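Single-structure report; data block below.
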2 protein chains.
Amino acid sequence: MAETTAHGTARRGGREQRVTKQRLAVSAALDRLQDFVSTQDLHRLLHDEGASVSLATTYRILQSMADEGLVDVLRTDDGEAVYRRCEATGHHHHLVCRRCGRAVDIEAPAVETWASHVAREHGYTAIEHTVEIFGLCPECTAIVAREAAEA
Amino acid sequence: MAETTAHGTARRGGREQRVTKQRLAVSAALDRLQDFVSTQDLHRLLHDEGASVSLATTYRILQSMADEGLVDVLRTDDGEAVYRRCEATGHHHHLVCRRCGRAVDIEAPAVETWASHVAREHGYTAIEHTVEIFGLCPECTAIVAREAAEA
DNA sequence: TTCACTGCAAATGCTTTGCAGCGCC
DNA sequence: GGCGCTGCAAAGCATTTGCAGTGAA
């Protein structure tokens with residue numbers, strides 16, 4: 001569906017993609033973060049550091065980057081979309097901290113084959129799957145433990 | 001968090017749960033369906049067959065049933081919550097038709113151990129995970145194929 | 001100059017909530 | 001009878017969109 005050129009500049013169906021300061025700001029922020037962030041959070045972040053990107057534009061840019069496969073999208077428990085630029089380029093999964101959003105890329109070939117095997121077994125076609133692991137990262141584990149001790 | 005009695009009647013933290021005709025209607029509808037449905041869809045369904053359950057109540061009942069573990073909850077790609085009564089009672093996953101919502105319960109002990117192993121390896125704690133497989137069920141595969149042929 | 005990109009604000013659509021009346025236990 | 005449950009309508013929120021101005025190529 002979406003193609004990406006060697007330099008990260010992307011195009012969709014031949015339509016050009018202009019390099020604006022808003023797009024650069026969003027891209028830079030994503031590079032700097034190693035966490036999954038919601039559009040609202042990212043917009044607040046950009047706004048706080050003085051970048052002029054409107055909320056609507058943040059939504060548009062993030063959505064377009066997701067379409068182009070430049071960022072990974074996830075849904076939090078309450079249905080909010082969160083985005084993250086990943087090292088891994090192809091299909092992969094994540095181990096995500098549910099407190100701070102920090103994530104680790106996970107490859108799991110065995111799970112892939114298992115999924116397609118199970119699906120085919122039941123006659124399902126056009127298979128896709130989602131596998132995400134949520135937990136508390138080491139740091140957040142410590143913080144939560146400390147808070148529990150104080151209480 | 002939530003406990004369930006032997007007869008499906010449930011209680012939370014000692015607070016009682018009354019058996020109303022709305023709750024029975026929702027429960028019956030879920031039993032009849034073998035598919036994941038959104039609150040909006042379920043409400044439309046109930047309304048069309050004459051049951052008098054308001055949308056707000058449908059939301060409240062479904063949410064409470066999810067809290068009690070009486071139904072499984074999933075999020076569609078666009079963040080909408082969908083519910084389903086499952087045969088399997090404990091932790092399990094699903095093979096879901098993305099067109100009609102029909103689902104098959106999946107058990108995958110190997111995936112469970114893999115997930116907790118990976119998480120621990122990275123120092124993550126309080127682990128949970130989601131594994132869902134989406135595709136087209138046999139019937140929908142046929143329908144889609146026919147539509148493609150006609151076009 | 002052109003046309004994609006932006007900002008702003010209004011509009012969506014799902015979900016939640018306040019409140020008064022109803023009905024299960 | 002008491003109190004949880006309902007319905008209705010009014011919020012709440014994340015996300016989308018129409019439109020006119022702006023700026024990248």
Side-chain angles (χ1 to χ4, degrees), chain A residues 2 5 7-29 36-47 50-68 70-71 73-83 101, chain B residues 2 5 7-29 36-47 50-68 70-71 73-83 101:
Chain A
T5 72
H7 286 48
T9 319
R11 49 177 63 221
R12 294 174 295 180
R15 218 186 339 265
E16 72 187 271
Q17 192 72 251
R18 291 187 180 169
V19 180
T20 63
K21 70 168 181 293
Q22 287 83 349
R23 203 177 173 84
L24 288 174
V26 168
S27 190
F36 274 97
V37 286
S38 68
T39 310
Q40 303 272 353
D41 286 344
L42 187 58
H43 173 252
R44 196 174 311 126
L45 206 80
L46 290 167
H47 186 270
S52 78
V53 185
S54 75
L55 180 58
T57 297
T58 310
Y59 270 103
R60 282 187 275 234
I61 291 177
L62 244 22
Q63 199 169 58
S64 114
M65 293 182 83
D67 285 347
E68 293 155 23
L70 297 179
V71 294
V73 198
L74 233 60
R75 291 268 170 190
T76 62
D77 272 343
D78 53 313
E80 211 184 16
V82 286
Y83 302 83
Chain B
T5 71
H7 286 49
T9 320
R11 47 179 61 219
R12 293 175 296 182
R15 217 186 340 266
E16 70 188 273
Q17 191 73 251
R18 291 189 179 168
V19 180
T20 63
K21 68 168 185 290
Q22 287 82 351
R23 204 177 173 84
L24 288 174
V26 168
S27 190
F36 274 97
V37 286
S38 68
T39 309
Q40 304 271 351
D41 286 344
L42 187 57
H43 173 253
R44 197 174 310 126
L45 207 77
L46 290 168
H47 187 270
S52 77
V53 185
S54 75
L55 180 59
T57 297
T58 309
Y59 270 104
R60 283 188 274 235
I61 291 177
L62 245 22
Q63 199 166 59
S64 114
M65 293 183 84
D67 285 347
E68 294 156 21
L70 297 179
V71 295
V73 198
L74 232 62
R75 291 269 170 189
T76 62
D77 273 342
D78 52 314
E80 210 184 16
V82 286
Y83 303 83

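Lettering of chains follows the sequences in order, A, B, ..., and the numbering in each one begins at 1. Please read these numbers as outputs of a predicted model, since none were measured by experiment. In what follows, every heavy atom counts, from backbone to side chain, and hydrogens, waters and symmetry copies are set aside.
In this structure, CD of Glu80(B) is placed 12 Å from P of dG13(C), rounded to the nearest angstrom. Atom CZ in Arg23(B) sits roughly 15 Å away from atom C1' in dC25(C) (whole-Å rounding). At whole-Å resolution of the value, NZ in Lys21(A) and P in dT6(C) are 9 Å apart. Following rounding to the nearest Å, Leu55(B) (CG) and dT6(D) (C1') show an atom-to-atom distance of 13 Å. When the C1' atom of dA4(C) is taken as reference, atom CD of Glu68(A) falls 13 Å away, rounded to whole Å. Rounding to whole angstrom units, CG of residue Leu42(B) and P of dC14(C) are separated by 14 Å. Counting to the nearest Å, the C1' atom of dT16(C) and the CG atom of Asp78(A) are 13 Å from each other. Computed from coordinates, the Arg75(A) CZ to dC13(D) C1' distance equals 13 Å when rounded to whole Å.
The distance from atom OH of Tyr83(A) to atom CD1 of Ile61(A), rounded to the nearest 0.5 Å, is 12.0 Å. Taking CD of Glu68(A) as the start and CD of Gln17(A) as the end, the distance is 4.5 Å to the nearest 0.5 Å. Here the CZ-CG distance, from Arg60(A) to Leu55(A), works out to 10.0 Å after rounding to the nearest 0.5 Å. A distance of 13.0 Å separates OG of Ser27(B) from CD of Gln22(B), quoted to the nearest 0.5 Å. One distance of note links OG1 of Thr57(B) with CG of Leu62(B); it measures 11.5 Å at 0.5 Å rounding.
Nucleic acid contact for Ser52(B): sugar-phosphate only, since backbone atoms but no base atoms lie under 4.0 Å from a heavy atom of the residue.
Toward the 5′ end of DNA chain C lies the nearest nucleotide of Tyr83(B), the other residue of the pair Tyr83(B) and Thr20(B) mapping further downstream.
You'll find that the side chain of Gln17(B) is closest to dC5(D), out of dC5(D), dT16(C), dT16(D). Among dC14(C), dA9(C), dG7(D), the nucleotide with an atom closest to any side-chain atom of Ala56(A) is dA9(C). Side-chain proximity of Arg60(A) to the nucleotides dT6(C), dG7(D), dC14(C) is greatest for dT6(C). Among the nucleotides dC5(D), dC8(D), dA24(D), the one closest to the side chain of Ser54(B) is dC8(D).
Taking 4.0 angstrom as the limit, Gln63(B) places a side-chain polar atom (N or O) nearer than this to OP1 or OP2 of dT16(C). Contact check, Gln22(B) against dG7(D): a side-chain N or O comes under 4.0 Å of OP1 or OP2. For dT15(D), the OP1/OP2 oxygens have a side-chain nitrogen or oxygen of Tyr59(A) closer than 4.0 Å.
Side-chain atoms of Arg18(B) come within donor-acceptor range of the base of dC3(D), with a qualifying N/O pair under 3.5 Å.
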